[in-house]
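Below is one structure; the comments refer to it alone.
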Number of protein chains: 2
Amino acid sequence: MTRASSRRPGPPTRTERGIPEATVARLPVYLRALTALSDSGIATASSEDLATAAGVNSAKLRKDLSYLGSYGTRGVGYDVEYLRYQIAREIGVTQDWAVVIVGIGNLGHALANYSGFGTRGFRIVALLDADPNLIGERIGDMEVRDFAELEDIVKADRVSIGVITTPAGPAQGVCDRLVAAGVTSILNFAPVVLSVPTGVDIRKVDLSIELQILAYHEQRKSGEAALPQVPELPAMNGLTDLPSVGGGVGA
Amino acid sequence: MTRASSRRPGPPTRTERGIPEATVARLPVYLRALTALSDSGIATASSEDLATAAGVNSAKLRKDLSYLGSYGTRGVGYDVEYLRYQIAREIGVTQDWAVVIVGIGNLGHALANYSGFGTRGFRIVALLDADPNLIGERIGDMEVRDFAELEDIVKADRVSIGVITTPAGPAQGVCDRLVAAGVTSILNFAPVVLSVPTGVDIRKVDLSIELQILAYHEQRKSGEAALPQVPELPAMNGLTDLPSVGGGVGA
DNA sequence: CCGATTTTGTTCTCACGTTCACAAGCTCCT
DNA sequence: AGGAGCTTGTGAACGTGAGAACAAAATCGG
Ligand SMILES: NC(=O)c1ccc[n+]([C@@H]2O[C@H](COP(=O)([O-])OP(=O)(O)OC[C@H]3O[C@@H](n4cnc5c(N)ncnc54)[C@H](O)[C@@H]3O)[C@@H](O)[C@H]2O)c1
Ligand SMILES: NC(=O)c1ccc[n+]([C@@H]2O[C@H](COP(=O)([O-])OP(=O)(O)OC[C@H]3O[C@@H](n4cnc5c(N)ncnc54)[C@H](O)[C@@H]3O)[C@@H](O)[C@H]2O)c1
């Protein structure tokens, strides 16, 4: 009743089944926690248990799960297997997605050798490189193939996800080729900003950036403790600011 | 500089020099963009130029930079070299941070071989592993050393950042050892939630999670287009917003 | 020297995300 | 059966972040 009257559906404006991006990013974490619990033979878990296993607080976890539906039982908790399936279904990893990796250097080799993707909803269908010396090399049960075969492979295997592990220079070109071939999701390790048409999703993993973020916080730690600078915290010395004219009401 | 005198009790109540976390995460991106511009011989850049190079919008970029101070010139733009130095200083990468990598398997090898860290403020001082077969192996100009030497190395080289590339099982144990040895920042690649005492920063890189996030959006794309399910998308008839998963900059 | 032009730095507003707090609902015990 | 004890699901308060818009500074042409 009150809803219909107001044209702006005030608070959430949530599209039907539209799950907030922040929640989407945590679902895989919950999925992993549930898998771990399941492997430990635990059949039921409370939001508190799950939250601990996933490293978040329980209110957030419950709210996140509530976007998927009501899969818990009050007074009891969540059935681990059931919830796991529901999350896997929501993410879309109940069946495998075909993935190509482009650029089989240091990082590409590591990814190709990694067994963890297969068990988490992904199937690497091709390792591609432009270097003739690499083509034909065997890695595990796969063989490095020519990047020129990209279009055929994408078409044949219905590949929708591409991983870019080439140097920064060729990355945009590789990206364009991937998109042109029909790939609509890209995971990029090269330290460049890729531009793609709307409708194509990009995620970037950048280790230098991660380290630099750590460095920022690290610097502040040592700065406060070690450097004999100004004590920082200019407060402490009496004035609680909150000043003069009665502006205090603000906000 | 009239800043210091008046505290606006209004909106942000930002601690002196406290930079929002979202901004901190973008500073390295700006730094990289500036380095690229500098390498191209460009001496001055407007916020629009910089924003394009960094893949963000210019208002956000300007606001981010304003937390560091007023380093631009109205009507002109930013001096590339000067701003680059200021950001590097703010992040704390004007001199190198010592880093150890623990677990020299597939991923550890790739990281050890990577030359990009040295130029971005980090110096890898040791490659550590527990496997006797690996110890002594040379990678580039470094040698894999016994994890047991950790404490000595941390002390000798004042290591504050540790990278964990061991399997999930040993990761928490390795983490505890790192923390006990004095490491206060950790970059974790193992698919587990590590727990650390307060004061220690953790960042996690999880490739499976990245792929699963892509899969979620991928599923919705094909779901909307292909699956003859419920019409879905009751919207389209008004709200144009919809965070548009599209061409967005993923991370 | 002044006004037109450019571009920054900042303010304001809205959207998104997090956390609290609690009613609703389930199980189990008496 | 009924109440005690848990735990979920969610409404509401709060905090943070994004983007539009604009006034304040700087340059440049006349
Ligand atoms: N290795 C790491 O630990 C690490 C860390 C952070 C970032 N990165 C980034 O990841 C990317 C890969 O790093 P790497 O160390 O594996 O580099 P690498 O040089 O070892 O491998 C790059 C591979 O890409 C191939 N390649 C080049 N151009 C290509 C093209 N046009 N089409 C197809 N293949 C092409 C090369 O033949 C090579 O095999 C780089 O952008 C690097 O900056 C790597
Ligand atoms: N390789 C990838 O592409 C990839 C992708 C995603 C996630 N990961 C994760 O990254 C981690 C490393 O992956 P990987 O493929 O390099 O594994 P790996 O098995 O090749 O290497 C692990 C290394 O850790 C060492 N190690 C084990 N226990 C140790 C201990 N207690 N102390 C010191 N060293 C120890 C092992 O000797 C081995 O050399 C894993 O947790 C994996 O799940 C890897």
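To find a chain, count down the sequence lines: A is the first, B the second, and so on, and within it residues start at 1. Below, each value reflects all heavy atoms present in this structure, side chains not excepted, and no hydrogens, waters or symmetry copies.
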Nearest 0.5 angstrom please: B/Y30 OH to B/I91 CD1, how far?
11.0 Å

Between A/W97 and B/L211, is there a donor-acceptor pair closer than 3.5 Å when you use the side chain of the first and the backbone of the second?
no

Restricting to nitrogen or oxygen on both sides, can you table the protein-nucleotides 20-26 of chain D pairs closer than 3.5 Å?
unit_1: D/dA24; atom_1: N3; unit_2: B/R74; atom_2: NH1; d: 2.6

For B/D176, the side-chain hydrogen bond (donor to acceptor under 3.5 Å, both in side chains) test, sequence neighbours excluded, returns B/Q172

Looking at A/Y216, is its backbone amide N or carbonyl O close enough to the side chain of A/R220 to form a donor-acceptor pair, meaning the two atoms are under 3.5 Å apart?
no

Output the single nucleotide from D/dG17, C/dG17, C/dG9 whose closest atom is nearest the side chain of A/A22.
C/dG17

Would you say B/T35's side chain and B/L31's backbone share a donor-acceptor pair under 3.5 angstrom?
yes

Would you mind reading off the distance between B/E21 atom CD and D/dA18 atom P, rounded to a whole angstrom?
12 Å

So, using salt bridge (charged side-chain N to carboxylate O under 4.0 Å, His left out) as the criterion, who are the partners of B/R26 when residues are at least two apart?
B/D64

Can you tell me the distance, in whole Å, between the OH atom of B/Y67 and the P atom of C/dT11?
11 Å

Strictly below 4.0 Å, heavy-atom distances to any atom of DNA chain C: list the hits from residues 36-52 of chain B, or just say none.
B/S46, B/S47

Run the side-chain contact (heavy atoms from CB on, under 4.5 Å) check on A/D49 and A/I42 step by step: do they pass?
CA-CA 11 Å; A/D49 299 336; A/I42 295 173; over 6 Å; no

Rounding to an integer number of Å, can you tell me how far A/L65 CG sits from D/dT7 C1'?
13 Å

How long is the span from the CD1 atom in A/I161 to the CD atom in B/E218, to the nearest 0.5 Å?
6.0 Å

Under the rule for salt bridge (charged side-chain N to carboxylate O under 4.0 Å, His left out), what residues qualify as partners of A/R84, not counting sequence neighbours?
A/E81

Atom pair CZ (A/R32) and CG (A/L34), whose distance is rounded to the nearest 0.5 Å:
12.0 Å

Spacing between A/Y78 atom OH and D/dT7 atom C1', to the nearest angstrom:
9 Å

In whole Å, what is the span from the NZ atom of B/K60 to the P atom of C/dT13?
21 Å

Nearest whole angstrom, please: distance from the C1' of C/dT8 to the CG of B/L68.
14 Å

Degree of bending in the helix from C/dC1-D/dG30 to C/dT30-D/dA1 once both end axes are built from five pairs, to 10°
0°

Measure from CG on B/L83 to P on C/dT8 and round the result to the nearest Å.
11 Å

Atom CG of B/D64 to atom P of C/dG9: distance rounded to whole Å?
12 Å

Any luck finding a side-chain donor-acceptor pair between A/R62 and A/S47 under 3.5 Å?
yes

